[in-house]
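Read through the structure below, which is laid out as structure tokens, and then see the notes.
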There are 2 protein chains.
Amino acid sequence: MADNRPRATVHDMALIGRATQQRAMVLGALVVAEGFISAQALHKRLVADGSPVGLSTVYRTLTALAEAGRADVFRDTNGERLFRHRPGPDHRHYLVCTQCGLSLPVESGPVEKWADRIARTSGFADVRHSVELSGVCPDCGRKADQGQTSRSS
Amino acid sequence: MADNRPRATVHDMALIGRATQQRAMVLGALVVAEGFISAQALHKRLVADGSPVGLSTVYRTLTALAEAGRADVFRDTNGERLFRHRPGPDHRHYLVCTQCGLSLPVESGPVEKWADRIARTSGFADVRHSVELSGVCPDCGRKADQGQTSRSS
DNA sequence: ACGTAAGTGGAAATGATTTTCACATCAAGC
DNA sequence: GCTTGATGTGAAAATCATTTCCACTTACGT
């Protein structure tokens, strides 16, 4: 059977300059993570896995990837930036689990149309939109329920 | 003619505890600001206007207002939190000028419906959405154009 | 007016991110 | 294979928004 896990392309590395071991490790960890993850968390994971990459390098690599359009970024409620490897170049929106970071691409046609209409009728120039959907995924919801139940009378 | 400028209501103060001079000044400045403004900027403005409120108090008041639902909050791209006095209790979305902070409420029916549908069909619990539209307002666009024109050619 | 819980402010603490800079290393060119 | 200059790295320091601490003040019910 074929290996269907997402993987980094050489293209990803080429886009952000020189191909170093560290960048490969960061990119690899980001791809493996699937879903949004913070630079700090990714760094911890790398160190734990015996890939001691410097924190600065993690930040530099993630920022570069985001600038090159190979990663999606958004701020969580605590102001932390979460990154996610973007397989393709398409503009997408995700429903992200606030507990585990699992992210689900959602059908976003209606919002795009809506945003375009606003852009056209507002008189504003260079209109951009950022749409974030967050919630608790079924798995985490189940866990939370169990926790609640055992704690309450 | 009637004075149509937005103003703080006694209600705003009552919602967040004791009515102090400092809170009145912060609230007043927030109302006068119209559009989104950061805690830091609001503090500078207050100090400049001869209302020396402590930075901590500005943060505390804005946070309290947001929690009481009397202010909208969102994170700008730099991770700064921007606040805006909310006249009514309705859930709204705004088109915010990235240059001057001017904000325009936009008709958001379609997004709400879209978000609700996602919430219902995804299996996720407690789904929230944050939608941010940003651009350059006509005024700032004009200024930018002039700047560009005189510099180029 | 009094008492006291709630509020204030300046300084210190926090926490994510960025910068600095001495050192390592990649990719040519010889 | 070896020098070389640009590019990348990492540990520590710097930055910046925000929060917390804590001694001092103040609003407000009695």
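Here is how names work: the chains are called A, B, and so on, in the same order as the sequence lines, proteins then strands, and each is numbered from 1. Quick caveat: nothing in here was measured; it's all calculated off a predicted structure.
Each end of the helix from C:dA1-D:dT30 to C:dC30-D:dG1 gets its own axis from five base pairs, and the two axes differ in direction by 20°, given to 10 degrees.
The distance between atom NZ of A:K44 and atom C1' of C:dA16, rounded to the nearest whole Å, is 11 Å. Distance B:L27 CG to C:dT8 P: 12 Å, rounded to the nearest Å. For B:H43 and C:dA11, the NE2 to C1' distance is 13 Å, given to the nearest whole Å. Rounded to an integer number of Å, the gap from A:M25 CE to C:dT25 P is 12 Å. The distance between atom CG of B:D76 and atom P of C:dA16, rounded to the nearest whole Å, is 18 Å.
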Output a table of nitrogen or oxygen pairs between the protein and nucleotides 17-20 of chain D separated by less than 3.5 Å.
from	atom 1	to	atom 2	distance (Å)
D:dT18	OP1	B:R81	N	2.7
D:dT18	OP2	B:Y59	OH	2.5
D:dT18	O5'	B:Y59	OH	3.3

Check nucleotides 27-30 of chain D for protein N or O atoms closer than 3.5 Å to its own N or O atoms and list the pairs.
from	atom 1	to	atom 2	distance (Å)
D:dC28	OP1	B:A19	N	3.4

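Here B:Q22 reaches the OP1 or OP2 of C:dG9: one of its side-chain N or O atoms lies under 4.0 Å away.
Among all heavy-atom pairs drawn from B:C140 and B:C97, the shortest one is SG-SG, 3.8 Å.
Donor-acceptor pairing under 3.5 Å is recorded for the side chains of A:E112 and A:H129.
Aromatic ring centres of A:F36 and A:F83 lie farther apart than the 6.0 Å criterion allows.
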Given salt bridge (charged side-chain N to carboxylate O under 4.0 Å, His left out), test A:E107 with B:R117 step by step and report yes or no. CA-CA 10 Å; A:E107 172 263 318; B:R117 185 157 41 76; 3.3 Å; yes
Side chain to side chain contact (heavy atoms under 4.5 Å, CB included) between B:L55 and B:Q40, intermediate numbers included: CA-CA 7 Å; B:L55 183 56; B:Q40 302 275 354; 4.2 Å; yes
Would B:L82 and B:I37 count as a side chain to side chain contact (heavy atoms under 4.5 Å, CB included) here? Give the steps. CA-CA 5 Å; B:L82 302 184; B:I37 187 169; over 6 Å; no
Run the side chain to side chain contact (heavy atoms under 4.5 Å, CB included) test on B:F124 and A:V96 for me, step by step, so that the C-alpha distance in whole Å, both residues' side-chain angles and the decisive distance to 0.1 Å come before the verdict. CA-CA 9 Å; B:F124 275 52; A:V96 182; over 6 Å; no
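Using a 4.5 Å heavy-atom threshold, the side chains of A:L95 and B:V127 count as touching. By the 4.5 Å heavy-atom criterion applied to side chains, B:R70 and B:L27 are not counted as neighbours.
Cation-pi check for A:R84 over A:Y94 is met; the charged atom lies under 6.0 angstrom from the ring centroid and within 45 degrees of its normal.
Using a 4.0 Å cut-off between charged nitrogen and carboxylate oxygen, A:D139 and A:R142 count as a salt-bridge pair.
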